[in-house]
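Report on the following structure.
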Amino acid sequence: MRVEIEILGSGTSAGVPMIGCDCWVCRSENPRNKRLRASVLFRVDGRVFLVDVTPDFRLQALRSGFSQVDAVLVTHSHADHVHGLDDLRAIYWGGGRKPIDLYGYPETVASIRATFAYIFDEDYEYKGIAKIDTHTFEHEPFTVAGIKVTPIPVVHGNMRVAGFRIGDAAYITDTNLVPESSIELLKGVKLLVLDALRRTPHPTHMSLPQALEVARAAAVSRVFFTHINHDIEHESINKTMPEFARLGYDMLRASVEEDGSVKVHEIEPSGLPPIIASR
Ligand SMILES: [Zn+2]
Ligand SMILES: [Zn+2]
Ligand SMILES: [Zn+2]
């Protein structure tokens, strides 16, 4: 089974550049230092799974050029991961008004249903909204559109966050601790996209050194880091990485091929559409 991950956004909650910041990374003209909020697409056997619906979702979908979403997998309910939910309506319209299946932990789904109460209100009179069917999971793998998805629980401050493994590819964001039992669930994963906020420790995210340790413990072939803030300048920090590890960036695509090899579809910085103009 071939599984591809596309990074739709590699940025932390405020994005990079951050409003009002004049640091050298926020002022950088290198497109790889421009990070929309954290989200990925899994492409597998003709299916497209969207992980999280960020406030940048509309830009991310237009930039990437996808309009098919077979299901939405949600890591947790923080604003930078779900507050673009209303924009799923264009996917809903384009998909023949078939309700969109959304999967999350029970507390994640409850929070989404409260935040977006109008979307789930049968009596809401404005009909231009998406219909979303919510589903919950706990520890067991579940099947979405015929594809097995394994949730990987991780710790994010005082809450749990779901990572997702499909085939031999996995995505884990927003965590300061990947428990030993979850490292076990990553065994055999060849391609991992993993949270690494900045160089120094943080109470709810992993630092770059911590994330490298997790990737080594899981023995993955390739790891790309994501949910990155403006502490990290792409080119200079990338040079310090061991061979199997790199900083992720917006629109990067990598896949685990049928034969188990990992293929990275590099995009030259000049090939990245300038969604956010340089200041
Ligand atoms: Zn986040
Ligand atoms: Zn900055
Ligand atoms: Zn979070």
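Keep in mind the model is a prediction, meaning the values are calculated, not measured. Computed over heavy atoms, backbone and side chain alike; hydrogens, waters and symmetry mates excluded. Whatever order the structure lists them in is the order used to number ligands and atoms, beginning at 1.
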F224 six-ring face occupied by R246 cation (under 6.0 Å, within 45°):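 The answer is no; the distance or angle limit is not met.
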
Please evaluate residues H202 and H227 with respect to the criterion ring-ring contact (aromatic ring centres under 6.0 Å, His included), reporting the C-alpha separation (whole Å), side-chain torsions for both, the decisive distance (0.1 Å), and the verdict. CA-CA 13 Å; H202 185 276; H227 211 290; 9.2 Å; no

Give every protein N, O or S atom lying under 2.8 Å from the Zn ion (ligand 3), naming each by residue and atom.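 Short answer, with waters excluded from the count: H76 NE2, H78 ND1, H156 NE2, D174 OD2.
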
Between E4 and R2, is there a side-chain N and carboxylate O pair less than 4.0 Å apart?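 Counted as a salt bridge, because a side-chain N and a carboxylate O are separated by less than 4.0 Å.
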
Would E107 and R160 pass as an ion pair if we require N to O under 4.0 Å?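 Looking at E107 and R160, the cut-off is met.
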
Does a donor on one side chain and an acceptor on the other come within less than 3.5 Å for [X] and [Y]?
| X | Y | value |
| --- | --- | --- |
| D250 | S10 | yes |
| S255 | E257 | yes |
| D174 | H81 | yes |
| N176 | H156 | no |

Taking just the N, O or S atoms of H227, which one is nearest to the Zn ion (ligand 1)?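 Closest to the Zn ion (ligand 1) among those atoms: NE2.
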
Which count of protein N, O or S atoms is obtained for distances strictly below 2.8 Å from the Zn ion (ligand 2)?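 Counting protein N, O and S atoms closer than 2.8 Å to the Zn ion (ligand 2) gives 4.
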
Do the rings of F142 and F137 sit parallel, tilted or perpendicular, given the 30° and 60° boundaries?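 F142 vs F137 ring planes: parallel.
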
Closest approach of S221 and V262, non-hydrogen atoms and distance?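 Distance-wise, the nearest heavy atoms are CB-CG2, 4.4 Å.
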
